[in-house]
Amino acid sequence: MSEKTAANLWGGRFTGETDSGFAEFNRSFGFDRRLFSADVQASIAHCDALVGADVLTAAEAQQIHSALQEILERAQREPDYFKEAAEDVHSFVEARLTDIVGDLGRKLHTGRSRNDQVATDLRLWLRAGIDRMASTVVDTQAALLEIAEANPDVVIPGYTHLQRAQPVLFAHWCLAYFEMLSRDRERLGEARKRVNVLPLGSAALAGTSYAIDREAVARALGFDSVSCNSLDAVGDRDFCIEFAGVASLIMMHLSRLAEDIILYSTTEFGFFELGDAIATGSSLMPQKKNPDSMELVRGKAGRVFGHLAALLTMMKGLPLAYNKDMQEDKEAIFDTVDTVSNCLTVTATVLRNTRVNQLRAREAAIRGYLNATELADYLARKGMPFRQAHETVGKIVMLAIERDCELNDLPLDEFKSFSQLFDDDVFKALSLDETLSTKSQIGGTARERVSEALVAARKRLAAD
Ligand code: ARG
């Protein structure tokens, strides 16, 4: 089984034929066709640069331009356009160009290598991917604000170690995830800066010997700057790894949100009810309503972390500059963008289809001694050293457990038997309202702080 070398981009040096199994193995067109429009766009910019370098005449460039334009349009129109066999997207575009303009098409590769070409294409593609993803992050943040604003009075138990700790406003919980996604958005912006550097003009590894105005190419393609070292430019995939790192953090955050939602929708917690639109039933158990949407988001985090690990491992120990190992970057990057974007979208839909059970959440927030810290603070405010207050309240909690009641249910006399500092006002201090309102410093869960934080969050979102 063999394939004619004439179909390759490297005719002259070879007399033998490529093994067809290897040709298939070597081929990336099955997936890198997603770089098609980036490749055409970069080819147009390179074509213009070749005019400046006196390689092409203006008339030749014009011919190439309209042929590349035609290729773009045909790809959109003809579903079978990509059926044509090709090794990769770069050879595909060059072959289609040559179909239209003949030998002139073969001039376009002057001063360019697939090494700087693929790095340029991938950066263009990823830049657009990051921009789309950033706006999906914003939409998920908007969904968090919507559900928070729709439930301003809801109180839920806050947990540490998944044990009831202190009550918090439901909106405060929403804003916690809003903050995580804000940092993610910032990180996407940071990563984008390092994506947006032009490698084209580095050629295979040593730089180009034609008078190509790289700055002009960068401007034409919307890059902020040009790469400073040709060896680095074609051998670098830091931008992919950094992006996969940012994407992994997004998935880590989404998986924590998913886990909270899954947990809070159980019968045991009962704080949330998932809408029919984003839940599934069981083929066997008629009563079931399963949070598959959130479970998939939680599960897909592992897939994205896997891509990060794959990219790091693929690059580790590679000698300078380009190596074919690097062809493995694309599927990881494409799937990372797809997966994270889908997970963000589904999460926003889940938030928009979730009902909060105010009563259940409140019941849970006032049972289980979530106000014990208030009691210690009460004693501390009256002058008892906090350590001692903590110990005293620990004993009062033991008594309440014994009596099978909450702290507020104990009579004042009982309190007084632990310390003379206790007075009538202890019951106010133990109330749910007081527990919340005392958390009034910046970042706390007091009602005024949280409503301010909601307004500020809206403004931040609108500013983007
Ligand atoms: N398909 C290749 C890749 O994705 C393009 C670059 C090939 N360069 C080379 N010298 N073989 O990395």
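Whatever order the structure lists ligands and atoms in, that order sets their numbers, starting from 1. The chain is numbered in sequence order, starting from 1.
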Undergrad: Out of L35, D88, N323, D329, who gets a non-hydrogen atom closest to atom 5 (C) of ligand 1?
TA: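 Closest candidate by heavy-atom distance is D88.
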Undergrad: Does NZ or CZ of R194 come closer than 6.0 Å to the centre of the six-membered ring of F243, within 45° of the ring's axis?
TA: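 No, R194 and F243 do not form such a contact.
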Undergrad: Within the 3.5 Å criterion, strictly below it, is a donor on D32 or H90 matched to an acceptor on the partner's side chain?
TA: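 On atom types as modelled, these side chains do not qualify, holding no pair under 3.5 Å.
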Undergrad: Is S28 in polar range of ligand 1, meaning some N or O pair under 3.5 Å apart?
TA: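 Yes, S28 has an N/O under 3.5 Å of an N/O on ligand 1.
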Undergrad: Considering heavy atoms of the protein only, find what lies nearest to atom 2 (C) of ligand 1 and give residue, atom and distance to 0.1 Å.
TA: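 Of every protein heavy atom, Q327 OE1, 3.2 Å lies nearest to atom 2 (C) of ligand 1.
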Undergrad: Could you identify the single nearest non-hydrogen protein atom to atom 9 (C) of ligand 1 and state the distance to 0.1 Å?
TA: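 Looking only at protein heavy atoms, the one closest to atom 9 (C) of ligand 1 is N115 OD1, 3.4 Å.
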Undergrad: For residues I147 and R352, determine if any side-chain heavy atom of one lies less than 4.5 Å from a side-chain heavy atom of the other.
TA: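 No - every pair of side-chain heavy atoms lies 4.5 Å or more apart.
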Undergrad: Among protein heavy atoms, which sits nearest to atom 11 (N) of ligand 1, and what does the distance come to when rounded to 0.1 Å?
TA: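 Ranked first by proximity to atom 11 (N) of ligand 1 is R114 NH2, 3.7 Å.
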Undergrad: So is R34 actually on top of F36's ring, under 6.0 Å and inside 45° of the axis?
TA: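 Not satisfied by the 6.0 Å and 45° rule.
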Undergrad: Is it the side chain (CB and beyond), the backbone, both or neither of K330 that lies under 4.0 Å from ligand 1, heavy atoms counted?
TA: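 K330 to ligand 1: side-chain contact only, backbone stays beyond 4.0 Å.
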Undergrad: For atom 7 (C) of ligand 1, what's the nearest protein heavy-atom neighbour? Residue, atom name and distance, please.
TA: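 Closest protein heavy atom to atom 7 (C) of ligand 1: Y322 OH, 3.5 Å.
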Undergrad: How about E84 and R96: do any of their side-chain heavy atoms sit closer than 4.5 Å?
TA: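 Of all side-chain heavy-atom pairs linking R96 with E84, at least one is under 4.5 Å.
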Undergrad: Decide if the gap between the ring center of Y81 and the ring center of F92 is smaller than 6.0 angstrom.
TA: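 When the ring centroids of Y81 and F92 are compared, they turn out to be within the sub-6.0 Å range.
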